[in-house]
Structures are given as structure tokens and as C-alpha cells.
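We're numbering straight along the sequence, starting at 1.
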Amino acid sequence: MVGCESPSRLDAVRELRSMGSCLGLERLGDLGLERAVLWDLVSADLAACDDAGFFAAATHRRQAAALMAVCKRWRALLGPLSRSWKARARPPPPKKRALVATTPAQKSSLAEKCDLVRLARYETVSLGRREAYFDVSCRPITVKAEDDMELLSDLSTWGERFLDFWDRGVYACARCERPLYASDDKWSGPCLWPSWRRDLPGAARHAPVEGYNGYVVDVHELYCGGCDLFLGHAFADARDKGDAHPDARWRH
């Protein structure tokens with residue numbers, strides 16, 4: 001244990017350890033059980049986990065619930081292990097960029113269809129008719145799907161119409177109209193797309209990715225939290241790219 005423990009915490013730990021084996025818990029070391037219970041109570045959204053992470057988190061949650069049901073002193077474990085300890089959601093581990101379509105969602109993308117079908121649908125894309133553009137998106141996004149979405153965006157807008165747009169308001173998802181970004185978080189970034197410091201709380205799903213186009217900073221793929229439409233990327237280089245805001249870190 002870290003630091004000095006109160007009698008109630010020690011009693012709770014002893015009671016939990018005495019019941020751990022019959023509930024199937026494997027982590028019964030000095031810190032394992034207590035951290036397992038605490039972590040499961042503040043774990044990340046299961047929908048943001050991959051298959052393996054989802055089942056592991058769900059299993060741990062069931063174990064934590066079982067412990068809480070039989071341990072009268074479980075609330076004593078909700079206090080921090082030390083003054084410096086802070087409960088926070090564990091970010092998902094970075095994944096390699098999807099170079100080819102391997103999952104059912106990726107293979108169903110319009111970008112993976114034969115050229116005759118794909119190009120015929122692409123010719124219909126405009127600002128008033130974007131169904132084909134939406135059908136290209138997939139999660140995780142593939143290189144081919146991302147390139148096609150960028151091409152279709154350029155062809156339908158002939159330049160980013162919101163790049164120099166500074167009216168106050170909220171930017172919403174083009175497919176499901178979920179609010180994504182506030183105008184107060186918009187800044188003049190270095191690329192041809194608009195830049196934001198952050199998305200609205202819970203608005204977008206972040207998927208850390210490794211090896212994106214040679215970037216050495218943290219990079220996240222961004223998906224709409226409502227419909228999973230691929231939105232773009234977030235780069236942890238805002239301050240280096242000219243954002244002078246006190247909260248400058250990310251460039252969406």
C-alpha cells in the first residue's frame with residue numbers, strides 16, 4: 001500500500017482479499033486487488049475499446065460489481081491510494097495506421113468497391129448530396145478511404161469554405177448533426193483545413209494512431225461520437241504551429 005492506511009481501508013482490503021479467490025480474481029498482490037476495483041470504477045467507455053479491451057474491461061467490471069455486492073466496506077476503497085494519486089480514464093493504446101481494408105466495416109467502404117461503381121457514385125457528390133461521401137467513411141479509417149474522402153471534399157467545395165469563417169456558433173457533424181466544435185476553440189492553423197483546440201466534451205471519439213505520415217507528436221484519428229463519421233486527425237503540435245492560447249496543445 002502507498003502511504004498510511006486508515007483502519008476502515010485495511011479492513012476492506014482484508015475482506016476483499018479473503019473473498020477474491022472464490023470470485024475468480026487473479027490479481028491479489030499488495031496493490032493488485034485494490035487498484036483493480038478502483039480502476040474498474042473509473043475505466044474508459046467500453047465503446048471506445050477494441051474487442052479484446054472490451055471483453056477484458058467488461059470482465060473486470062463484473063468482478064468489481066461482485067466484490068462490491070459482498071463487501072460491506074467497499075466504499076473505503078474509493079479514497080485515493082495516496083495524495084498524489086488521481087483517478088482518470090486510461091487512454092487506448094496507439095494502433096498502426098490501417099494500410100488496407102481487413103475488417104468488415106473497412107471492406108464495406110465505398111472506397112473498396114470496383115472502379116465502375118465507386119467512380120459513378122463519386123460523380124454524384126456535391127454539398128447538397130453527400131451520401132456517397134459518407135459511404136466512404138469507415139472505422140478504423142484506411143489510407144484509401146481517407147484519400148478518397150479528402151479528394152471528394154476538395155471536388156465538392158473547391159476550397160475549404162470554413163477556413164476563414166469566424167462567426168460565432170457551433171460546428172456540427174454533416175451526417176448526424178451532432179455538435180462537435182465551438183467557434184471559441186477555433187484558431188488559424190497552418191493547413192488548408194480549419195483548426196480547433198478541442199472538440200466539445202464527449203463529441204468525438206479519439207483513436208491514437210502510430211506512424212501517421214512521419215509525425216513524431218501524438219496523433220489521434222477523430223470520429224463523430226454519434227455516427228462514427230471520420231472527421232480527420234488531432235495533432236499534439238498546436239503550440240509549435242503558432243497557437244498562442246494558454247490551453248494550446250492539440251490541433252484538430
To the nearest 0.5 Å, what is the distance between [atom1] on [X] and [atom2] on [Y]?
| X | Y | atom1 | atom2 | value |
| --- | --- | --- | --- | --- |
| S137 | R175 | OG | CZ | 5.5 Å |
| D199 | Y171 | CG | OH | 15.0 Å |
| F134 | C227 | CZ | SG | 7.5 Å |
| S156 | L151 | OG | CG | 9.5 Å |
| Q106 | T142 | CD | OG1 | 6.0 Å |

Counting only heavy atoms not in [X] (residues, nucleotides, ligands), do more than 12 fall under 6.0 Å from its [atom1]?
| X | atom1 | result |
| --- | --- | --- |
| E131 | CD | yes |
| L127 | CG | yes |
| L116 | CG | no |

Under the side chain to side chain donor-acceptor pair (under 3.5 Å) test, which residues partner R130, sequence neighbours left out?
none
Are side-chain heavy atoms of [X] and [Y] found at a separation under 4.5 Å?
| X | Y | answer |
| --- | --- | --- |
| V136 | R121 | no |
| K186 | P194 | yes |
| P140 | Y223 | yes |

Under-4.0 Å salt bridge between R197 and D243
yes
If the threshold is 4.0 Å, N to carboxylate O, is there a salt bridge linking R97 and E146?
yes
Is there a path of hydrophobic side-chain contacts, each under 4.5 Å between heavy atoms of I/L/V/M/F/W/Y residues, joining [Y] to [X]?
| X | Y | result |
| --- | --- | --- |
| L229 | L152 | yes |
| L110 | F230 | yes |
| M149 | W193 | no |

Can you find a side-chain donor-acceptor pair between S108 and E112 that sits under 3.5 Å?
no
Please work out whether the ring planes of H220 and W250 are parallel, tilted or perpendicular, with thresholds of 30° and 60°.
tilted
Would you please classify the geometry between the W196 ring and the Y181 ring as parallel, tilted or perpendicular, with 30° and 60° separating the classes?
parallel
Residues that, via side-chain heavy atoms closer than 4.5 angstrom, fall in one hydrophobic cluster with L200:
V170
What residues, two or more places apart in sequence or in another chain, satisfy salt bridge (Lys or Arg N to Asp or Glu O under 4.0 Å) together with E210?
K96
Kindly write out the residues that satisfy salt bridge (Lys or Arg N to Asp or Glu O under 4.0 Å) with R118, not counting sequence neighbours, or none if the list is empty.
D115, D148
Let's go through H252 and H206 carefully: what are the C-alpha distance in whole Å and the side-chain angles of both, what is the deciding distance for ring pair (Phe, Tyr, Trp, His ring centres under 6.0 Å) to 0.1 Å, and is it a yes or a no?
CA-CA 11 Å; H252 290 227; H206 294 236; 5.6 Å; yes
Shortest non-hydrogen separation from R251 to P190 and the atoms involved:
CD-CD, 3.6 Å
What closest approach, in Å, do S109 and A145 show between heavy atoms, and which atom pair accounts for it?
OG-CB, 4.0 Å
Pairs involving residues 211-234, ordered by first then second residue, that meet salt bridge (Lys or Arg N to Asp or Glu O under 4.0 Å) (sequence neighbours left out):
R139-D228, R205-D228, D218-R249
Who pairs with Y122 by ring-ring contact (aromatic ring centres under 6.0 Å, His included), at least two apart in sequence or on another chain?
none
